[in-house]
There are 2 protein chains.
Amino acid sequence: MAVTIRDVAKAAGVSTSTVSRALSGSELVEPRTREAVLRTAEQLGYLPNRAARGLITGRTGNLGLIVPDLANPFFPDVVKGIQARAREADYSVFLADTDEDPSAELGLVRALAKQVDGIILCSPRMNAEDLRTASAAAPLVAVNRRGSHVPAVTIDNAGGMRQAVAHLAALGHHRVGYVAGPRSSWSNRERVRAIRAAAETERVELVEVGNAPPQFEGGVAVADLVVAAEVTAVIAYNDVVALGLLTRLAARGIEVPRDLSVVGIDDIAMSGMFSPALTTVSIPKAQSGRAAVELLLQVLDNPGGRNPSRREIPTQLLVRDTTAIASTRR
Amino acid sequence: MAVTIRDVAKAAGVSTSTVSRALSGSELVEPRTREAVLRTAEQLGYLPNRAARGLITGRTGNLGLIVPDLANPFFPDVVKGIQARAREADYSVFLADTDEDPSAELGLVRALAKQVDGIILCSPRMNAEDLRTASAAAPLVAVNRRGSHVPAVTIDNAGGMRQAVAHLAALGHHRVGYVAGPRSSWSNRERVRAIRAAAETERVELVEVGNAPPQFEGGVAVADLVVAAEVTAVIAYNDVVALGLLTRLAARGIEVPRDLSVVGIDDIAMSGMFSPALTTVSIPKAQSGRAAVELLLQVLDNPGGRNPSRREIPTQLLVRDTTAIASTRR
DNA sequence: CGAGGTGATGAAAAGGATTGCATGAGGTCA
DNA sequence: TGACCTCATGCAATCCTTTTCATCACCTCG
């Protein structure tokens, strides 16, 4: 079978304790001995058995990652950031996808809890109580969501919305729409709040339009409502919705940005590929992912510590081709 | 701490052996006892310790999954299929992304090998020898790649290419281009071969254009070569490349499909969202993922069995708006 | 020179689940 | 009624690593 620590010990002429210590970099082993052990381990191709280690240390070396929908291009980038940072810290990542089903989230947390040292919950839709329950089941960091005692990585929604609304106001838009996302989404609630505040500051009239499922089809479906709302500009819950919107608008012969300005949120890769290229509030996705891992590692290293730390990632308006001077036609 | 099998045994008034047997569904336990044990376990909220189980069984209950680039919308769908099927079989999935770096693949396989029961390698770019090495390190199934002794899930490239070329030929195209993907890609080599064969059958002249990185930018970059090749239709290595192509063609004022027909491969979600909607060879991505897991489970259940089984998933041409009658202008 | 200290090492327990083997009760058949 | 068999159950070993505690040698200082 596989080579164990005992094989190494025998080959090196020491005890398993010494091998273990040498391998884990303990100070309590003579340099010469350590080196001999390491050399032997190398020669024999020794690889520690994670199960055995986990059994005694109670740590798995694994992290859990739960996302609502991997098919939404926003998440793969976040996942990549998480992956990369986790690998640096020598953790492996379990990935699970809830298929946009909030009721699946808690179950997945429970299922994962025993197999990981900590969990990263991306854009969770579960209610506050479930979130508390979840964070009791395992060390946990939320991304794009705040909870009372849950460490969280969020983005600067307020700043992003302020930039977006100011941009539109500066272009002469007085009546702006917001295509809302799912009601259960914390990000959506944040964005609504931020947009309202920004609209007030900028003296822009705000019209909230529908609740779109955060998918392309949601944008398609809500487009006619946007038109009916008689706004000259619209901000969408996210880029995917904005692209759906764009598609339906084009089909109805409404030209963007001449007749209507559109702003997305996320800056997914394909938003720049569409024509016209989407003006959007850019989120550093990989950075969010890395930050989440860092927060989680911090929590793991300091288990008792009652520090629901938070990290907020800045956002940046990216002006591209879907926003222009307000048309006077309407 | 956590409730163990001993707690359950004590509470149910039986031995740990009986609990273990009851839980694992062994026949050697009286129905009444089994039920009592199950009820007790349920009440106590018992969850088996995977590390302990793994230590003795040698199994981890985990699968490894390696993809070249999660940001390519093709892969999330495959991953979702794999996820779903793995969960049904009570396996968890480790995800790793190589960032399109073939030299990282083998290292990841090695790193993962000790922590999983088997590995699924999506569209591996590693050479044949490394693939053999990899498959020696752990039970392994390849997706979109064949190797001499490696179980594999592939798609019917030949059938898809035949449909695509026949479709173009029927529209009167006599000179068709193929935008090649990475040379190291098995899929690309397969597609080249299949297209050549189909072109011969359909009496269509085939022009192979460039080698594009399998990304949007690759399509953008190769567009001018396509124009210079003076073809009336072009098939791209995949949808992402096709969309890049489309974007650059539009920028150059070349109208699709009037001036040039374009066919993609993959049927990623956004290919239908672009305008014009992309004609493409559809691949059942989730189904490929599920099939890969099934093949892997089969290998795991039958360790000695020298059966490098294979599964081929059918493909289907999806005619949308980027193909039309060949223009006579050229 | 002896007591106490230091530092390297080894022995052994612990961690939780599985499983081969032993046990004992109950049943069957002669 | 006794020998034998079957079947449910329990006992105990095992998987591999970490870690506590004990040990032993050697050094230092009084």
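Basis for what follows: all heavy atoms, side chains included, without hydrogens, waters or symmetry-related copies. Proteins get letters first, then strands, A, B, ... in listed order; numbering begins at 1 in each.
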Can you tell me how far [atom2] of [N] sits from [atom1] of [X], to the nearest Å?
{"X": "Asp7(B)", "N": "dG15(C)", "atom1": "CG", "atom2": "P", "value": "12 Å"}
{"X": "Arg6(A)", "N": "dA12(C)", "atom1": "CZ", "atom2": "P", "value": "12 Å"}
{"X": "Lys10(A)", "N": "dG10(C)", "atom1": "NZ", "atom2": "C1'", "value": "16 Å"}
{"X": "Arg21(B)", "N": "dT9(D)", "atom1": "CZ", "atom2": "P", "value": "9 Å"}
{"X": "Leu23(A)", "N": "dT19(D)", "atom1": "CG", "atom2": "P", "value": "13 Å"}
{"X": "Gln115(B)", "N": "dC16(D)", "atom1": "CD", "atom2": "C1'", "value": "16 Å"}
{"X": "Ile5(B)", "N": "dT18(C)", "atom1": "CD1", "atom2": "P", "value": "5 Å"}
{"X": "Ile56(B)", "N": "dC16(D)", "atom1": "CD1", "atom2": "P", "value": "10 Å"}

I want to verify a distance call: between [options], whose nearest atom is closest to the [X] side chain?
{"X": "Ser20(A)", "options": "dT18(D), dT18(C), dT20(D)", "answer": "dT18(D)"}
{"X": "Thr33(B)", "options": "dA8(D), dC15(D), dG10(C)", "answer": "dA8(D)"}
{"X": "Arg53(B)", "options": "dG10(D), dG15(C), dA17(C)", "answer": "dA17(C)"}
{"X": "Ser17(B)", "options": "dG15(C), dG10(D), dA8(D)", "answer": "dG10(D)"}
{"X": "Leu55(B)", "options": "dT18(D), dC16(D), dG10(C)", "answer": "dC16(D)"}
{"X": "Asn49(A)", "options": "dT18(C), dT17(D), dT20(D)", "answer": "dT17(D)"}
{"X": "Ala52(A)", "options": "dC16(D), dT18(D), dA17(C)", "answer": "dC16(D)"}
{"X": "Thr4(B)", "options": "dA17(C), dT18(C), dG10(C)", "answer": "dA17(C)"}
{"X": "Glu30(B)", "options": "dC16(D), dG10(D), dA8(D)", "answer": "dA8(D)"}
{"X": "Val29(B)", "options": "dT9(D), dA12(D), dT9(C)", "answer": "dT9(D)"}

Quiz item: Pick from Ile313(A), Asp77(A), Val153(A): which one makes a side-chain contact (heavy atoms from CB on, under 4.5 Å) with Gln287(A)?
Solution: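 Of the listed options, the one satisfying the test is Ile313(A).
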Quiz prompt | side-chain contact (heavy atoms from CB on, under 4.5 Å) partner of Val19(B), the single match among Thr40(B), Asp7(B), Val14(B) | solution =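 Among Thr40(B), Asp7(B), Val14(B), the one that satisfies the side-chain contact (heavy atoms from CB on, under 4.5 Å) with Val19(B) is Val14(B).
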Quiz item: When the C1' atoms of the five terminal pairs at each end define the local axes, what inter-axis angle does the helix from dC1(C)-dG30(D) to dA30(C)-dT1(D) show, to 10 degrees?
Solution: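 Roughly 50°, once rounded to the nearest ten degrees.
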Quiz item: Does Ser15(A) put a side-chain nitrogen or oxygen below 4.0 Å from OP1 or OP2 of dT9(C)?
Solution: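 Answer is no, no contact under 4.0 Å.
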Practice problem: Tell me whether the OP1 or OP2 atom of dA17(C) has a side-chain N or O from Tyr46(B) closer than 4.0 Å. | Solution: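 Answer is yes, contact under 4.0 Å.
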Exercise. Check every strand shown and say whether Val14(A) touches a base, only sugar-phosphate, or nothing at a heavy-atom separation below 4.0 Å.
Key: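 The residue Val14(A) makes sugar-phosphate contact but no base contact.
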Practice problem: Side-chain contact test, heavy atoms from C-beta onward, threshold under 4.5 Å: evaluate it for Gln83(B) versus Leu70(A) and give yes or no. | Solution: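 Heavy-atom side-chain distance check fails, nothing below 4.5 Å.
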Quiz item: Where do Asn144(A) and Trp186(A) come nearest, in terms of heavy atoms and distance?
Solution: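 Of all heavy-atom pairs spanning Asn144(A) and Trp186(A), the closest is O-CE3, 3.4 Å.
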Quiz item: Closest heavy-atom contact between Tyr91(A) and Leu297(A)?
Solution: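 That closest heavy-atom pairing would be CE1-CD2, 3.4 Å.
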Quiz item: Roughly how far apart are Glu105(A) CD and Thr98(A) OG1, rounded to 0.5 Å?
Solution: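 Output value for this atom pair is 5.0 Å.
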Quiz prompt | Salt-bridge contact Glu294(A)-Arg85(A) (side-chain N to carboxylate O under 4.0 Å) | solution =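 Judged by the 4.0 Å cut-off on N to carboxylate O distance, Glu294(A) and Arg85(A) do form a salt bridge.
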Quiz item: Is the number of heavy atoms from other residues, nucleotides or ligands within 6.0 Å of CD (Glu88(B)) greater than 12?
Solution: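 Yes.
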